[in-house]
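Heavy atoms only: backbone and side chains are in, while hydrogens, waters and symmetry mates are out. Below, read A as the first sequence line, B as the second, and so on, with proteins coming before strands; counting in each chain starts at 1.
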Number of protein chains: 2
Amino acid sequence: MTASAAQTSPRKRAGNGAVRRNDADEIGLDALVGHAGYAVRRFQIWIFQDFIRTLGDVDIRPTQYSVLTVVGANPGLSQMAVAKRLGIERARLVHLLDSLEQRKLVKRTKSKEDRRSHALHLTAQGETALAKFKHLAAEHERHVEARIGKENRAHLLRILAGFT
Amino acid sequence: MTASAAQTSPRKRAGNGAVRRNDADEIGLDALVGHAGYAVRRFQIWIFQDFIRTLGDVDIRPTQYSVLTVVGANPGLSQMAVAKRLGIERARLVHLLDSLEQRKLVKRTKSKEDRRSHALHLTAQGETALAKFKHLAAEHERHVEARIGKENRAHLLRILAGFT
DNA sequence: GAAAGATTGTTGTTGACGACAACAATTGTA
DNA sequence: TACAATTGTTGTCGTCAACAACAATCTTTC
């Protein structure tokens with residue numbers, strides 16, 4: 001995909017330079033097709049919407065889910081460690097944890113090793129809730145498979161493994 | 001990747017339940033690895049940051065670039081048509097076009113066919129600017145190739161072609 | 001042809017999210 | 001002991017998606 005300039009291929013025009021269209025779906029994307037970022041963005045929007053819808057009953061968004069799984073798999077982690085691992089800013093994580101703590105899914109306890117930091121743990125309620133979330137997330141993942149194909153999804157994960 | 005519940009595999013714990021870590025990079029993601037959405041989100045963040053950096057000198061963000069290319073390839077389009085094609089809300093497109101019009105890259109002209117709508121065109125300045133943007137975008141695309149591999153990028157585009 | 005409904009662009013609000021800056025408490029270091 | 005760095009927190013700013021409401025303008029229906 002060389003980005004040669006101005007490869008515009010306009011359709012039939014009306015006298016005033018406007019394009020006549022009966023079907024709005026026949027609008028060309030031109031150089032946009034061939035840009036990985038565009039395809040990835042559209043796919044990411046779709047996949048997040050499906051995740052949010054699938055986990056809608058339990059009211060868990062992707063970022064919340066990522067925090068819960070990491071804390072669940074690594075109990076005692078500090079906020080700084082979680083933020084760094086997930087690529088979340090620590091200021092943002094504060095609000096996320098406020099919400100999760102209000103819902104009794106996570107608890108902050110003062111670390112005795114470093115009294116600046118908080119050790120993060122799932123509550124008992126958080127553990128059982130996370131188990132349910134994981135089942136729903138697996139259902140969402142099956143939606144992805146249904147959309148792009150089982151082997152394509154596997155290949156995608158392999159290609160993007162370096163970004164996790 | 002079956003999402004059986006609570007496959008937590010915590011590391012060595014201290015007495016208070018906190019996890020000792022010297023290296024912060026050895027934090028497990030547990031169920032997050034294997035979720036397409038997580039990998040895609042991280043990749044999308046990376047790719048957008050590179051796009052923004054690569055086109056930083058000309059101050060063009062991915063969404064602005066997508067609008068310019070679509071208008072450039074389909075002159076005379078209405079705002080509604082552009083919004084629908086790109087998956088942008090028409091309310092959002094208003095501000096995007098305000099900015100692009102202030103920079104003299106795009107102009108809105110009243111459509112004579114439908115006086116509710118605006119026909120969108122690139123200005124002469126917009127045409128030449130877009131050509132430059134496309135060169136920079138191609139450079140960004142080469143960064144993607146360097147990061148994930150040429151054939152992986154091609155495969156990615158094929159897998160996600162249905163979302164463009 | 002007139003009334004009712006739908007569409008287009010616009011303005012505004014809300015909430016999730018990333019980027020930054022400042023601050024107190026605490027730790028590490030010179 | 002003084003100085004620098006880290007951690008959690010609060011706050012601001014800008015981007016972005018999702019809605020809702022509105023006037024102007026089509027489109028449909030009677």
Side-chain angles (χ1 to χ4, degrees), chain A residues 18 21-22 24 37-38 41-42 44-53 55-56 59-67 76-101 106-120, chain B residues 18 21-22 24 37-38 41-42 44-53 55-56 59-67 76-101 106-120:
Chain A
R21 274 176 226 296
N22 299 330
Y38 181 72
R41 169 176 167 265
R42 296 299 296 260
Q44 199 253 340
I45 291 174
W46 179 88
I47 210 169
F48 264 50
Q49 282 176 345
D50 185 86
F51 187 98
I52 293 170
R53 197 177 337 117
L55 298 240
D59 192 28
I60 288 292
R61 314 190 97 256
T63 313
Q64 296 175 314
Y65 180 77
S66 69
V67 171
L77 234 48
S78 72
Q79 299 186 190
M80 196 58 206
V82 171
K84 232 185 273 182
R85 187 62 186 86
L86 290 177
I88 304 172
E89 274 209 276
R90 66 184 200 274
R92 169 102 192 93
L93 188 60
V94 171
H95 301 293
L96 283 169
L97 287 173
D98 285 348
S99 163
L100 294 175
E101 202 171 25
V106 171
K107 62 174 180 294
R108 288 186 253 220
T109 65
K110 288 178 192 163
S111 170
K112 282 158 187 164
E113 305 163 340
D114 187 340
R115 281 157 52 200
R116 294 171 299 181
S117 65
H118 291 161
L120 300 176
Chain B
R21 272 174 228 296
N22 299 330
Y38 181 71
R41 170 176 166 265
R42 297 299 296 259
Q44 199 253 337
I45 291 173
W46 179 88
I47 210 170
F48 263 48
Q49 283 175 345
D50 184 87
F51 187 98
I52 293 170
R53 198 177 337 115
L55 282 86
D59 191 30
I60 287 292
R61 315 190 95 251
T63 312
Q64 296 175 315
Y65 179 76
S66 70
V67 171
L77 233 49
S78 72
Q79 298 186 193
M80 195 58 207
V82 171
K84 233 187 270 180
R85 187 61 187 88
L86 290 176
I88 305 173
E89 274 209 275
R90 66 184 201 274
R92 170 105 191 88
L93 187 60
V94 171
H95 301 293
L96 284 169
L97 288 174
D98 285 348
S99 163
L100 294 175
E101 202 171 26
V106 172
K107 61 174 180 295
R108 288 185 253 220
T109 64
K110 288 176 191 161
S111 171
K112 282 158 187 164
E113 305 164 339
D114 187 339
R115 282 157 52 202
R116 293 171 301 181
S117 65
H118 292 162
L120 301 177

- prompt: Mapping P62(B) and R108(A) onto DNA chain D by nearest heavy atom, which one lands closer to the 5' end?
  reply: R108(A)
query: Between R41(A) and H118(A), which has a closest nucleotide on DNA chain D that is more 5'?
result: H118(A)
Over all atoms of both residues, closest heavy-atom pair of [X] and [Y]:
{"X": "R41(B)", "Y": "L86(A)", "answer": "NH1-O, 4.2 Å"}
{"X": "Q64(A)", "Y": "D59(A)", "answer": "OE1-O, 3.6 Å"}
{"X": "L93(B)", "Y": "A83(B)", "answer": "CD2-N, 3.8 Å"}
{"X": "R85(A)", "Y": "R42(B)", "answer": "O-NH1, 3.5 Å"}

message: If you compare every side-chain N and O of T63(B) against the phosphate oxygens of dT15(D) (OP1, OP2), does one of them come in below 4.0 Å?
response: no
Tell me: [atom1] of [X] to [atom2] of [N], nearest whole Å?
{"X": "D59(A)", "N": "dG15(C)", "atom1": "CG", "atom2": "P", "value": "13 Å"}
{"X": "R42(B)", "N": "dG18(C)", "atom1": "CZ", "atom2": "P", "value": "10 Å"}
{"X": "L86(A)", "N": "dC17(C)", "atom1": "CG", "atom2": "C1'", "value": "14 Å"}
{"X": "Q44(B)", "N": "dA16(C)", "atom1": "CD", "atom2": "P", "value": "19 Å"}
{"X": "I88(B)", "N": "dT15(D)", "atom1": "CD1", "atom2": "C1'", "value": "13 Å"}
{"X": "R61(A)", "N": "dG18(C)", "atom1": "CZ", "atom2": "P", "value": "11 Å"}
{"X": "F48(A)", "N": "dG15(C)", "atom1": "CZ", "atom2": "C1'", "value": "15 Å"}

- request: Classify every nucleotide of nucleotides 24-30 of chain C by which part a protein heavy atom approaches to under 4.0 Å, writing B for the base, S for the sugar-phosphate alone and - for neither, in 5'-to-3' order.
  value: -BBS---
Donor-acceptor pairs under 3.5 angstrom involving side-chain atoms of residues 45-52 of chain B: please list them, not counting sequence neighbours.
{"from": "D50(B)", "atom 1": "OD1", "to": "H143(B)", "atom 2": "ND1", "distance (Å)": "3.1"}
{"from": "D50(B)", "atom 1": "OD2", "to": "T54(B)", "atom 2": "OG1", "distance (Å)": "3.3"}
{"from": "D50(B)", "atom 1": "OD2", "to": "H140(B)", "atom 2": "ND1", "distance (Å)": "2.7"}
{"from": "D50(B)", "atom 1": "OD2", "to": "H143(B)", "atom 2": "ND1", "distance (Å)": "2.9"}

message: Under the rule for salt bridge (Lys or Arg N to Asp or Glu O under 4.0 Å), what residues qualify as partners of R108(B), not counting sequence neighbours?
response: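 Checked R108(B) against salt bridge (Lys or Arg N to Asp or Glu O under 4.0 Å); matches are D98(B), E101(B).
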field: Residue list, salt bridge (Lys or Arg N to Asp or Glu O under 4.0 Å) with R116(A), at least two apart or on another chain
entry: D114(A)
Give each protein N/O atom lying under 3.5 Å from an N/O atom of nucleotides 18-22 of chain D, with the pair distance.
{"from": "dA18(D)", "atom 1": "OP1", "to": "Q49(A)", "atom 2": "NE2", "distance (Å)": "2.7"}
{"from": "dA18(D)", "atom 1": "N9", "to": "E89(B)", "atom 2": "OE1", "distance (Å)": "3.4"}
{"from": "dA18(D)", "atom 1": "N7", "to": "E89(B)", "atom 2": "OE1", "distance (Å)": "2.4"}

- request: Check whether any side-chain N or O of R61(B) sits under 3.5 Å from a backbone N or O of L55(B) as a donor-acceptor pair, and report yes or no.
  value: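 The answer is no, because no donor-acceptor pair under 3.5 Å joins these two groups.
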Donor-acceptor contact present, side-chain S111(A) to main-chain A119(A), <3.5 Å: no
field: Between CG on residue L100(B) and OG1 on residue T63(B), distance to nearest 0.5 Å
entry: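 With rounding to 0.5 Å, CG (L100(B)) is 10.5 Å from OG1 (T63(B)).
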- line: For residues 87-97 of chain B, the side chain to side chain donor-acceptor pair (under 3.5 Å) pairs (sequence neighbours left out) are none
Those residues of residues 94-101 of chain B lying under 4.0 Å from DNA chain D by at least one heavy atom: none
